[in-house]
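Worksheet: the structure to be examined is printed underneath.
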Amino acid sequence: MTRPASSSSRVGATLVATDAGTAADLVADVVGWYDEHARDLPWRAPDRTPWGVLVSEVMLQQTPVVRVEPAWRAWMERWPTPADLAAAPTADVLRAWDRLGYPRRALRLVQCAQAVVERHAGHVPDDEDALLALPGVGAYTAAAVRSFAFGRRAVVLDTNVRRVLARAVDGHALPAPTQTRAEVARAAALVPADDAGAARWAQASMELGALVCTARSPRCEVCPLVSSCAWVAAGRPADQHAHRRRTQAWAGTDRQVRGRIMALLRESPVHVPEPVLDEAWPATPQRARALAGLLADGLVVESQPSPDEPPLYALPA
DNA sequence: AAACCGGGGAT
DNA sequence: ATCCCAGGTTT
């Protein structure tokens, strides 16, 4: 079956010819699959707002969908607009963030809300540079907001899309450990030229990576690309970069200590002196380092009730 | 380019 | 015990 080159989903740059078909075929196959298998997520609902999309993207930076969904619902009910979050006490925000991980993201989300209020009259911008200038918004999130919230053409290249393209096009088990310019250019060449087509491709390619072309156990038997996938055709060879991927340890790291301190302060209604932190982690140089880091990040504040008394620690007001 | 930054569920 | 997750920022 042939697809007309004048299709509304025609790819943006040159058609990339592969052994199994064109880039347009790949896009059409994935979008067609998405039309039948898309998850019903609240930040995709018709009544979503651009701010809601942005909030979801920040929450989804390193936190899985299943944990973000209930948090997002509660969050958007409490702070529906950038102005609402911009005016919220930081302590309330950090407590609402709870255990979504990386509390610096929550802090940046507040700063982002404040920037949206101050620079853009409370409206999330659809301009790429304006989005990138917002705290906590990098290349991925800027592209995602443009695409998902405003239906604009953007190169949405997250871990899912990288993996789909690494397999289907390059024949590799996993993408390279760090994203390269060439990889972005290749991804850009696959994005349909029109806004609507580009937005559908972005959603569809991410969804395929999340539900079918997964990192650990890909479900190739139900994949719309199985007949054209370069990785499947090559016999699903092992990861070439396995020796270079180093997993960050967790137990006993500064990150764990920071997390324990934050959990304790989230649950404490009052400012606490340093000995109380013993409940989170023994008074070691590592704990001192973690506390100093939290203070430097603005996630914890120190107060001095009186010159004779020891300092107290709490979440920022 | 590499390090740092949480936390939970799946394998 | 290890891996993975809709990454961003800093060095």
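The sequence lines fix the lettering, A, B, ..., with proteins before strands; numbering per chain opens at 1. Scope of the values below: all heavy atoms of this structure, side chains included, with no hydrogens, waters or symmetry mates. Just so we're clear, the structure is a prediction, and the values are computed from it rather than from any experiment.
- In this entry the distance linking CH2 of A/Trp250 with P of C/dC5 reads 18 Å, nearest Å.
- No engagement by A/Pro177 is indicated, since no non-hydrogen atom pair under 4.0 Å with the nucleic acid exists.
- With DNA chain B read from its 5' end, the first of the two nearest nucleotides for A/Ser217 and A/Thr180 is the one closest to A/Thr180.
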- request: Show the numbers, then the answer: is there a salt bridge (Lys or Arg N to Asp or Glu O under 4.0 Å) between A/Arg153 and A/Asp194?
  value: CA-CA 7 Å; A/Arg153 184 178 188 273; A/Asp194 62 302; over 6 Å; no

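- Side-chain atoms of A/Arg67 stay outside donor-acceptor range of the base of B/dG9, with no qualifying N/O pair under 3.5 Å.
- Taking the P atom of each, B/dG6 and C/dT11 are spaced 16 Å apart, rounded to whole Å.
- Minimum interatomic distance between A/Ala290 and A/Arg258 (heavy atoms only, all atoms of both residues): CB-CG, 3.8 Å.
- Spacing between atom CG of A/Leu211 and atom P of C/dC5 amounts to 13 Å, rounded to whole angstrom units.
- Remark: the A/Tyr140 side chain and the A/Gln61 side chain contain no N/O donor-acceptor pair separated by less than 3.5 Å.
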For nucleotides 6-11 of chain C, 5' to 3', base contacts (B), sugar-phosphate-only contacts (S) and non-contacts (-) with protein non-hydrogen atoms under 4.0 Å give BBBS--

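- For A/Arg216 against C/dC4, no side-chain N or O and base N or O form a donor-acceptor pair under 3.5 Å.
- At the heavy-atom level, A/Ala144 lies nowhere under 4.0 Å from the strands shown.
- A donor-acceptor contact closer than 3.5 angstrom is absent between the side chains of A/Gln256 and A/Thr253.
- Rounded to the nearest 0.5 Å, atoms CZ (A/Arg162) and CG (A/Leu157) are 6.5 Å apart.
- One finds the CG atom of A/Leu26 at 7.0 Å from the CG atom of A/Asp29 (value rounded to the nearest 0.5 Å).
- In this structure a side-chain-to-backbone donor-acceptor pair under 3.5 Å is present from A/Trp97 to A/Gly101.
- Looking at residues 82-100 of chain A, you'll see A/Arg99, A/Leu100 sit with a heavy atom under 4.0 Å from some atom of DNA chain B.
- For the C1' atoms, the distance linking C/dA6 with B/dA3 amounts to 22 Å, nearest Å.
- Here A/Leu264 is tied into one hydrophobic group with A/Leu94, A/Leu107, A/Val257, A/Ile261, A/Met262, A/Leu265, A/Val272, A/Val276, A/Leu277, A/Trp281, A/Leu291, A/Leu294, A/Leu295, A/Leu299, A/Val300, A/Tyr313, A/Leu315, each link being a pair of ILVMFWY side chains closer than 4.5 Å.
- Note on ring orientation: taking the six-membered ring where Trp is involved, the planes of A/Trp33 and A/His37 are parallel (angle under 30°, cut-offs 30° and 60°).
- Here the C1' atom of nucleotide B/dC5 and the CE atom of A/Met59 are 18 Å apart, to the nearest Å.
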